[in-house]
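In what follows, a structure is listed as structure tokens, so that the remarks can point back to it.
So that the names make sense, note that chain A is the first sequence line, chain B the second, and so on, each numbered from 1. No experiment lies behind these values; they were computed from the predicted model shown.
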Amino acid sequence: MHKRSTAVLAFVLMIALIGASLLWGAYKGWSAERRQVETSMGTLEEVLSARREVGANILTVARRHLPASDPLLVSVQAALTDLNQSSALTRRAQANETLQAGMKNLLDELRQLPSLSADERDSMYVNQLLPQALEQSARMTEQAEYNLQAERFNRSFDTSFSGRLARLLGVERAEQFTPPEGSTP
Amino acid sequence: MKKLSILLCLLMVLAMTAMAEPAASPIHDGAAVLQPATLADARTLADRVWAATGLRLAVELRHFLGGADPAAYAQRLLAQQEDSADTLLLLVVVGEEAYAAASGATAERTLSREARDTLLSRSFRPAFQGRDYDGAVAGFLLGTARQLEASTGADIDLDGLFGRSQSQPLPSAAPTPASGTHKRIQLPNLNDILGEPISPTRDPGSARRQHEQEDRGLSIGSIIAIGFVLSMVFGGKKGKRGCGCGPLGWIFGVFGLSKFFGWRR
């Protein structure tokens, strides 16, 4: 009788130890993976910094030819502020999309202005240099390493058994730099 | 042996000298607005001023600063210069129609801030506002050289620079009329505007491989420990109750189970 209860106790202990090892291993592994994804956030910040600079440069030229109350100018300024100040990634992604559309429309509006056509330097900026910078920064944002890593992490995290265990212990999905669904720029 | 050692040392010194990178020019036209002759004369003048007075003249031209404050940016650029204490730096931001100057501590003793700002307003600003960037840079550099001659007593040869002879007066303070045709501006390298190319902080391929190598679930140590525990609990002495297996059997058993259930990758 005594030996039977010992065996049962040992069996229960074994199961508990195996379970604890599984939980600990899952937590450790997925936490490390998440930290690695967050490390690549630095590259996203660099890309967004380049976007902000392009926005500031376009506004600099636009202010020479448009009044301060121009709706497009105001909209681009607001999107820039949102991109700078928001902490939530989804909101920043939304601001980035608004900024992209706004900057493109602002450049189109500037091209129609007679004052710009008369200014060779600003004409070169609006027709060549700034559109090229805008396109390049948009491409850099799309290819930002952070989003690729976050997507990969979330896919594995959601589909694996150990990922579900890690979630019980508080490991969360990585936030992606994408605008909320259904939002329009 | 001694001759061989001396020869080797000489070869090393020669190799180091050959491999040494030439010092970056302090006159840098990132906006590509200056004529090549102006750029060459500016570099020559900067060299002559340095040789005569020990003061380094640096000029940096950009199209835009991406929203940064020109004065703060000029200070940052100055800090990056070789011998920043002896350097007077002029930052010209063509697209923003702005400029700023920054001086190192020693440079400020040689040419005071007030004298520098006066030079900027008299010899640089009028031409800059007229978009005559060659004239603006030439005016500032020539004016600075003349000011240094007066304050330090050094003799700086300005002959042949910027298309003038020594006897010609300095560029006038009166604003130059804006010409009907502007200088052709070449498209610059976008990296000057957007900064250094972005590279990921970590190669994703190697990160993935490293992660796959990391243990997830049961580690080898855990398996061995569990095997020993099971062996102690269930493994009895030979002949008595218990399976009689040694710890190795239990370890391999746990290993097999972990593979079967996917507890370990």
- Against chain B, label A:Thr60 side chain, backbone, both or neither, depending on which of its atoms sit under 4.5 Å from a heavy atom there. side chain
- Item | Shortest non-hydrogen contact from A:Ala26 toward A:Leu165 | CB-CB, 4.0 Å
- Message: Using heavy-atom distances under 4.5 Å, tell me whether A:Arg64 contacts chain B through its side chain, its backbone, both, or neither.
- Response: side chain
- Task: Please assess A:Arg63 against A:Gln77 for the test side chain to side chain donor-acceptor pair (under 3.5 Å), listing each intermediate value before the final yes or no.
- Result: CA-CA 11 Å; A:Arg63 283 183 188 122; A:Gln77 182 66 61; 2.6 Å; yes
- Item | Note: A:Arg173-A:Asp158 ion pair, threshold 4.0 Å (strictly below) | yes
- Find the one option among A:Leu17, A:Leu80, A:Leu9, A:Ile18 whose heavy-atom pairs under 4.5 Å with chain B are most numerous. A:Ile18
- Do B:Arg131 and A:Asp119 have side chains that get closer than 4.5 Å, going by heavy atoms? yes
